[in-house]
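Worksheet for the structure shown next.
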Amino acid sequence: MTSTVVYNGDLRTVCTHLRSGSAFETDAPVDNNGKGERFSPTDTMATSLASCMITTMGIKARTLGFDLNGGEIEVEKIMKSDPRRVGGINLFFHFPDNLKELDQTNKDVLKTKGETCPVMLSLHPDVEVRIGWGEWA
């Protein structure tokens, strides 16, 4: 088992990672009868894409002799209706000053790693993903 999810009422869950015991809560979003005080389940889906991308890129960067510390990704989730679903995810990368001048070969290798991370490869093709590479464009 990977995790447990406990419904605590009032459209809130507690998600616990079994190996580490770390936990987070989710709420239904305001536009779907919730309080919107926590990540919604669809927020975590969109955010997991960004986390997976930067993690796999970080693994590759480590093997290349540097790290991505300080890298940041802004995440925008776009909902669609009928049926209600995530229709798009927009990601915008920000890299620390020491990585802005990285050579193009290493940038391309890292971009490819991010674009082929497990979460990206698991998304339904109807989910439109747009990536802004910021200084690496």
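Any value given below was found using the heavy atoms of this structure, including those in side chains, with hydrogens, waters and symmetry copies removed. By convention here, the first residue in the shown sequence is residue 1. Computed from a prediction, not measured in an experiment: that's the story for all the values here.
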Smallest separation among heavy atoms of [X] and [Y], with atom names:
X	Y	value
L49	C117	CD1-SG, 4.0 Å
D67	N69	OD1-N, 3.0 Å
G58	L68	N-CD1, 3.5 Å
T47	V75	N-CG1, 4.2 Å

Legend entry - Audit row: V5, V14, side-chain contact (heavy atoms from CB on, under 4.5 Å) steps and yes/no: CA-CA 6 Å; V5 178; V14 175; over 6 Å; no

Spatial distance of atom [atom1] ([X]) from atom [atom2] ([Y]) [nearest 0.5 Å]:
X	Y	atom1	atom2	value
D31	M79	CG	CE	7.0 Å
L91	I73	CG	CD1	6.0 Å
L123	M45	CG	CE	5.0 Å
E76	I89	CD	CD1	10.5 Å
T42	R84	OG1	CZ	6.5 Å
L99	K107	CG	NZ	9.5 Å

Between the main-chain N or O of [Y] and the side-chain N or O of [X], is there a donor-acceptor pair closer than 3.5 Å?
X	Y	result
S40	D43	yes
H17	S20	yes
W133	H94	no
D10	R12	no
T112	D108	yes
T13	C15	no

Original post:
After noting the C-alpha distance and the side-chain angles of L102 and L110, does the key distance pass the side-chain contact (heavy atoms from CB on, under 4.5 Å) rule?
Top reply: CA-CA 11 Å; L102 192 64; L110 293 176; 4.1 Å; yes

task = Begin from the C-alpha positions of M53 and F93 and carry the test side-chain contact (heavy atoms from CB on, under 4.5 Å) through to its verdict.
result = CA-CA 10 Å; M53 287 180 76; F93 281 74; 3.8 Å; yes

Please check if the number of heavy atoms outside [X] that lie under 6.0 Å from its [atom1] is greater than 12.
X	atom1	result
E101	CD	no
F92	CZ	yes
K100	NZ	yes

Note, [X] side chain near [Y] side chain (heavy atom, < 4.5 Å):
X	Y	value
K60	R62	no
T44	F24	yes
T16	S3	no
L18	T2	no

- Query: When you look at I78 and V86, which way does the side-chain contact (heavy atoms from CB on, under 4.5 Å) test go after all the steps?
  - Reply: CA-CA 6 Å; I78 299 163; V86 175; over 6 Å; no

| request: Could you go through the salt bridge (Lys or Arg N to Asp or Glu O under 4.0 Å) check for K35 and D27 one step at a time? | output: CA-CA 6 Å; K35 294 180 180 179; D27 273 344; over 6 Å; no

*asked:* Ring centres under 6.0 Å, that's the criterion: do W136 and F95 meet it?
replied: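 Yes: the rings meet the under 6.0 Å criterion.
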
Could you go through E115 and K113, starting from their C-alpha distance and side-chain angles, then the distance that decides it, and tell me whether this counts as salt bridge (Lys or Arg N to Asp or Glu O under 4.0 Å)?
CA-CA 6 Å; E115 291 169 343; K113 264 307 193 198; over 6 Å; no

Problem set entry | ILVMFWY cluster, L64 and M57 together (side-chain gap under 4.5 Å) |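 As far as the 4.5 Å side-chain criterion goes, M57 and L64 are connected within one cluster.
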
